[in-house]
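From a predicted model like this one, the values you see are computed outputs, not experimental measurements. Naming: A, B, ... by sequence-line order, numbering from 1 per chain.
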2 protein chains.
Amino acid sequence: MLGLMQDWPLLIHRIIDHAAVQHGGRAVVSRSVEGPMHRTTYRDLRARALKVAQRLARDGIGPGDRVATLAWNTWRHLEAWYGITGLGAVYHTVNPRLFEDQIAYIVNHAEDRILLLDLTFVPLVEKLAPRLPAVERYVVLTDAAHMPATALRNAIPYEEWIAEADGDFAWVPLDENAAAGMCYTSGTTGHPKGVVYSHRSNVLHALAVNMADCFGLSSRDIAMPVVPLFHANGWSFAFSAPMAGAGLVLPGAKLDGASIHQLLEEEGVTVTAAVPTVWLGLLQHLEATGAGLSTLKRVVIGGSACPRAMTEKFERAYGVTVSHAWGMTEMSPLGSFCSLKPEVAGLDGEALFDLKTKQGFAPFMVEMVVTDDAGRRLPWDGETFGRLKVRGPAVARAYFRGEGGAILDAEGFFDTGDVATIDPHGYMRITDRAKDVIKSGGEWISSIELENLAVGHPDVAEAAVIGVSHPKWDERPLLVVVPKAGREPTREGLLAFMRGKVAKWWLPDDVVFVEAIPHTATGKIQKTALREQFRDYRLPSSTV
Amino acid sequence: MLGLMQDWPLLIHRIIDHAAVQHGGRAVVSRSVEGPMHRTTYRDLRARALKVAQRLARDGIGPGDRVATLAWNTWRHLEAWYGITGLGAVYHTVNPRLFEDQIAYIVNHAEDRILLLDLTFVPLVEKLAPRLPAVERYVVLTDAAHMPATALRNAIPYEEWIAEADGDFAWVPLDENAAAGMCYTSGTTGHPKGVVYSHRSNVLHALAVNMADCFGLSSRDIAMPVVPLFHANGWSFAFSAPMAGAGLVLPGAKLDGASIHQLLEEEGVTVTAAVPTVWLGLLQHLEATGAGLSTLKRVVIGGSACPRAMTEKFERAYGVTVSHAWGMTEMSPLGSFCSLKPEVAGLDGEALFDLKTKQGFAPFMVEMVVTDDAGRRLPWDGETFGRLKVRGPAVARAYFRGEGGAILDAEGFFDTGDVATIDPHGYMRITDRAKDVIKSGGEWISSIELENLAVGHPDVAEAAVIGVSHPKWDERPLLVVVPKAGREPTREGLLAFMRGKVAKWWLPDDVVFVEAIPHTATGKIQKTALREQFRDYRLPSSTV
């Protein structure tokens with residue numbers, strides 16, 4: 001027996017339709033890449049998205065075709081997403097911070113037929129274009145007046161391109177499981193792998209993040225996603241804000257502290273989100289200028305671990321509530337959000353900031369477990385750490401073209417590759433990447449915890465910990481340190497500094513000093529390269 | 001090209017699973033029908049729901065079978081919903097306030113195989129049982145100690161019934177479009193018609209109501225649905241509260257002002273919802289006792305129009321925010337919610353209370369239009385009124401067994417049977433029922449507006465306005481008045497009172513005085529009976 005409810009598939013166009021009807025005059029304010037501020041509304045944005053869809057159709061793009069974007073957060077990028085998905089095509093956000101080889105690889109792997117790019121990226125794309133045979137047309141996200149001379153194939157300024165459409169177009173009917181968007185993960189090894197979002201997953205994910213214990217946007221919020229649309233599906237702001245009728249402020253290409261602060265204040269932003277690096281820049285700007293935050297209520301920090309000092313500074317000095325969030329490209333991306341359940345709502349001072357260093361708890365539609373290597377579930381005691389696995393309607397079941405093979409376990413869980421603890425209240429803390437954890441005598445040692453401890457030493461600029469093979473314990477930790485300029489930390493001094501702060505058997509067996517530690521394109525420590533570098537390293541303890 | 005996201009159907013059991021895992025210790029507090037307060041948690045409630053499912057299966061109930069409930073809001077009723085739906089069976093809430101004939105009709109029409117009933121309803125059901133041949137077993141929602149002697153077929157106390165299950169049971173895998181629940185609408189004419197909710201519609205609807213501009217429940221809320229689970233799908237609280245991790249307070253059979261106030265205060269309720277009658281009782285109790293509301297932040301009022309004085313009293317005297325909501329059984333039920341968009345957030349005083357008399361705006365996943373009789377869309381100017389039609393994934397597409405025929409228009413909209421205006425900001429106001437509106441000279445006159453006006457006269461106890469046929473104008477309004485005891489209002493006096501407060505052509509052509517006006521079982525004015533009564537009435541103007 002079936003229910004007798006209407007057939008109303010969860011399609012992305014319904015979000016902008018709703019915003020245009022119920023919140024049609026709400027402002028979408030952008031810092032344009034050309035320079036000036038630009039103001040539009042959801043109503044007008046929808047009208048232009050229809051032109052994008054119509055124009056794409058005229059260029060021969062149809063359902064399932066991929067359209068790449070190499071673009072900052074602006075109204076044009078946003079309306080392009082709606083135009084592309086409203087036609088049944090697939091937006092493919094390309095991260096311009098990737099290595100050139102990676103960009104060429106993913107554009108070709110995705111078989112992007114049209115590439116939309118900001119002015120910023122014209123030189124980059126001109127260099128890459130000879131290696132992108134499948135791209136039929138390059139659309140530069142600007143108007144004719146700002147269009148640079150370029151030999152890019154069929155290049156056209158975006159404004160001219162959509163001016164050829166009158167907007168008399170209807171969204172294309174689709175199955176809600178149809179592909180809507182793509183984003184490649186930048187792993188530390190191998191080629192990037194494509195995650196393919198569906199209309200359904202994006203709509204359900206936006207509903208999830210709009211619940212009160214996540215972003216919980218309302219029509220009275222003005223949201224500024226500093227996190228780029230090309231970073232992990234833009235943390236859903238393109239969908240969650242218009243769904244809630246929240247205003248949007250899009251910062252374009254300028255993500256420095258002063259530029260961000262100007263937008264926060266001038267546009268009355270109430271909630272914003274980005275990686276810690278951005279907030280470091282903002283806080284430095286505030287300290288340097290003595291300025292404050294007059295409208296901002298909430299800042300969401302994700303992408304990498306949020307330093308405790310940053311949370312304290314925002315909350316104590318500026319009265320802004322900080323929420324740590326965690327997710328992955330494979331999770332659309334939100335996996336957890338650190339809001340306060342009533343059982344911890346009474347915490348204050350140090351205990352509150354301790355809690356806020358955790359990545360938070362899973363919202364409805366994210367199931368989360370920690371397991372050992374054999375797949376056995378581990379207890380939620382806040383201490384036992386294991387492989388973090390997730391399940392839900394906005395979690396990947398495979399990568400594009402089957403890369404990486406089967407990625408779900410027998411119960412349908414996706415292994416995040418992270419190692420984490422979950423406490424009795426459900427708050428999760430990432431303790432390491434699974435491949436970086438050091439397996440010593442059947443127990444696990446967190447490389448990240450040791451690194452965080454080591455960088456607390458006044459003479460250390462950067463630290464990395466890797467496992468090095470050991471005849472008795474399988475692996476033992478090796479601490480690799482870049483000293484601060486002019487400082488000369490010693491092995492014994494560092495180990496003495498760390499002693500007593502972790503279990504004795506966690507202490508590194510040795511310390512080596514280097515001039516630099518290798519990094520990935522996105523700034524993470526490249527442990528694979530480090531492990532390769534120290535492949536033949538023999539720990540002093542190995543000979544015992 | 002399909003998305004590559006996990007197959008994770010929207011099934012109701014996932015809500016209680018999430019609550020048990022992430023908010024497992026959260027309290028579910030009930031006033032039991034037996035008398036004492038009862039406290040449980042989402043974790044324990046889920047465990048008992050599994051026993052319900054297991055026990056139902058042992059009684060031969062399977063996917064698609066209907067299980068009726070005649071019950072107040074208590075933990076047992078809630079866990080029964082989860083047990084029934086977790087097995088793939090269908091909860092069918094029966095409104096005990098219906099006429100006995102109607103109850104017999106719907107139980108037979110739904111072919112309910114098992115009927116769960118509160119102690120309160122044993123005498124009623126004993127009287128009806130001979131007319132309910134399909135019911136195989138009656139389960140009384142109590143324990144052995146409170147079980148009355150009864151001849152009901154296979155009667156068993158609920159606690160004994162589920163004690164025979166050990167709870168070692170797994171939720172049954174289902175299609176998300178499978179039927180989950182049923183609720184019959186009590187129309188003013190003809191038999192009640194069955195609305196059949198699906199798992200998908202209930203989950204999507206709970207996500208919609210949990211957005212910030214609707215109920216927006218958080219894990220820090222304690223929600224008390226005074227609205228009964230048998231009234232329009234219980235306004236989703238059974239799903240929305242555990243989905244958000246909000247605590248629940250269930251008032252059982254006692255809905256008087258003093259009992260409600262006691263629960264609000266003792267259990268620290270932050271948000272509550274019910275029909276205006278309940279709040280009238282609470283406000284009278286507060287005035288009589290001088291008591292206040294120390295934890296309550298929000299009260300949601302729906303089911304019928306919320307008197308402006310009630311909103312003012314709650315907000316001004318008790319500091320509680322009132323939100324008017326509107327919906328229908330056919331809409332799962334929420335259709336609109338009167339929260340404040342930024343364009344009206346600056347209103348205060350009279351202007352704010354004016355706005356708050358409106359039914360509010362449609363959330364995401366509810367599309368709303370007003371049309372004329374020919375289906376042409378009418379403007380959103382706050383003045384033009386027309387037929388209110390809705391579309392969405394939690395809106396009915398048909399009634400059970402096809403009763404009432406095709407109920408959607410060519411565009412897939414469901415005609416609510418209401419007449420409404422929508423203002424430029426999207427706020428909807430119900431002005432009448434479509435069948436009660438008076439069609440005069442091609443224009444519509446709202447019977448409700450005239451009635452509200454007439455009852456403002458100090459000598460009027462109750463008033464009804466119906467259309468009476470007219471040779472020139474097609475229909476003209478007739479005002480039917482019940483005078484207050486000892487008062488003798490006159491035709492001329494009433495018309496003089498109304499003159500100048502509505503358009504001149506809206507003024508009733510005549511006034512008649514009666515001792516009583518007929519009502520439906522749910523207390524609404526029965527206009528069909530009134531129209532029948534005045535079928536041969538000739539207006540004085542007819543002879544002009």
Side-chain angles (χ1 to χ4, degrees), chain A residues 1-8 10 15 18 21-23 25-26 63-64 90 175 177-180 195-201 207-208 210-213 216-220 243-245 332 339-343 345 361-362 364-365 391-400 408 412 414 426, chain B residues 1-8 10 15 18 21-23 25-26 63-64 90 175 177-180 195-201 207-208 210-213 216-220 243-245 247 339-343 345 361-362 364-365 391-400 408 412 414 426:
Chain A
M1 179 179 174
L2 293 179
L4 294 172
M5 295 284 119
Q6 294 186 9
D7 181 26
W8 196 92
L10 302 175
I15 296 173
H18 171 75
V21 167
Q22 287 294 350
H23 309 279
R26 192 81 65 253
V90 181
D175 183 313
N177 291 304
V195 176
V196 186
Y197 309 111
S198 66
H199 282 258
R200 174 183 166 99
S201 69
L207 284 162
N210 271 333
M211 287 186 64
D213 278 284
L217 297 177
S218 87
S219 66
R220 295 166 301 288
M243 178 183 281
S332 297
S339 70
L340 301 184
K341 296 184 185 183
E343 42 270 49
F361 63 95
F364 178 63
M365 297 196 284
R391 201 163 64 174
V395 179
R397 64 174 159 83
Y399 291 108
F400 189 51
L408 305 188
F414 169 76
Chain B
M1 179 178 172
L2 294 179
L4 294 171
M5 295 285 119
Q6 294 185 11
D7 180 26
W8 197 91
L10 302 175
I15 296 173
H18 171 75
V21 167
Q22 287 293 350
H23 309 278
R26 193 82 63 253
V90 181
D175 183 313
N177 292 303
V195 176
V196 187
Y197 308 111
S198 65
H199 282 258
R200 172 183 168 101
S201 68
L207 284 163
N210 270 334
M211 287 185 64
D213 278 283
L217 298 177
S218 86
S219 67
R220 295 164 302 287
M243 179 184 281
S339 71
L340 301 183
K341 295 184 185 183
E343 43 271 48
F361 62 95
F364 177 64
M365 296 196 284
R391 200 163 64 174
V395 179
R397 64 174 159 83
Y399 291 108
F400 189 50
L408 305 188
F414 169 77

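- For the pair Met211(A)/Leu207(B), a side-chain contact is recorded, criterion being any heavy-atom separation below 4.5 Å from C-beta on.
- Both the backbone and the side chain of Arg391(A) come within contact range of chain B, each with at least one heavy atom under 4.5 Å from a heavy atom of that chain.
- Between Phe400(B) and Met1(A), the closest side-chain pair of non-hydrogen atoms falls below 4.5 Å.
- Looking only at heavy-atom pairs under 4.5 Å with chain B, the residue among Ala179(A), Gly245(A), Ala208(A) that has the most is Ala179(A).
- Side chain of Gln6(B) to backbone of Ala396(A): a donor-acceptor contact under 3.5 angstrom is found.
- When Val90(B), Leu408(B), Val195(B) are compared by the number of non-hydrogen pairs under 4.5 Å with chain A, Leu408(B) comes out ahead.
- The candidate from Pro63(B), Ala178(B), Gly25(B), Gly426(B) with the greatest count of non-hydrogen atom pairs under 4.5 Å with chain A is Ala178(B).
- Heavy atoms only, all atoms of each residue included: Met5(A) and Val196(B) are closest at CE-O, 3.3 Å.
- Heavy-atom pairs under 4.5 Å with chain A were tallied for Ala362(B), Gly216(B), Ala394(B), Ala244(B); the largest tally goes to Ala362(B).
- Shown here for His18(A) and Phe364(B), the closest heavy-atom pair between the two residues is CE1-N, 3.2 Å.
- Of all heavy-atom pairs spanning Leu4(A) and Ala398(B), the tightest one is CB-O, 3.6 Å.
- When each of Ser198(B), Ala345(B), Ala180(B), Ser339(B) is scored by its heavy-atom pairs under 4.5 Å with chain A, the top score falls to Ser198(B).
- Listed for the Arg220(B) side chain is no donor-acceptor partner under 3.5 Å among the backbone atoms of Asp213(A).
- When each of Asp175(B), Asn210(B), Leu10(B), Val395(B) is scored by its heavy-atom pairs under 4.5 Å with chain A, the top score falls to Val395(B).
- The two residues Leu340(B) and Ser219(A) have their closest heavy-atom pair at O-OG, 3.7 Å.
- Between Trp8(B) and Gly392(A), the closest heavy-atom pair is CD1-CA, 3.5 Å.
- When heavy atoms are compared at a cutoff of 4.5 Å, Phe414(A) approaches chain B by way of both its backbone and its side chain.
- Atoms CZ and NZ, from Arg26(A) and Lys341(B) in turn, are 7.0 Å apart once rounded to the nearest 0.5 Å.
- For the residue pair Ala212(B) and Leu217(A), the shortest heavy atom distance occurs at CB-O, 3.4 Å.
- Of the listed residues (Gly412(B), Pro342(B), Gly64(B)), the greatest number of heavy-atom pairs within a distance under 4.5 Å of chain A belongs to Pro342(B).
- Here His23(B) and Phe361(A) bring their ring centres to under 6.0 angstrom of each other.
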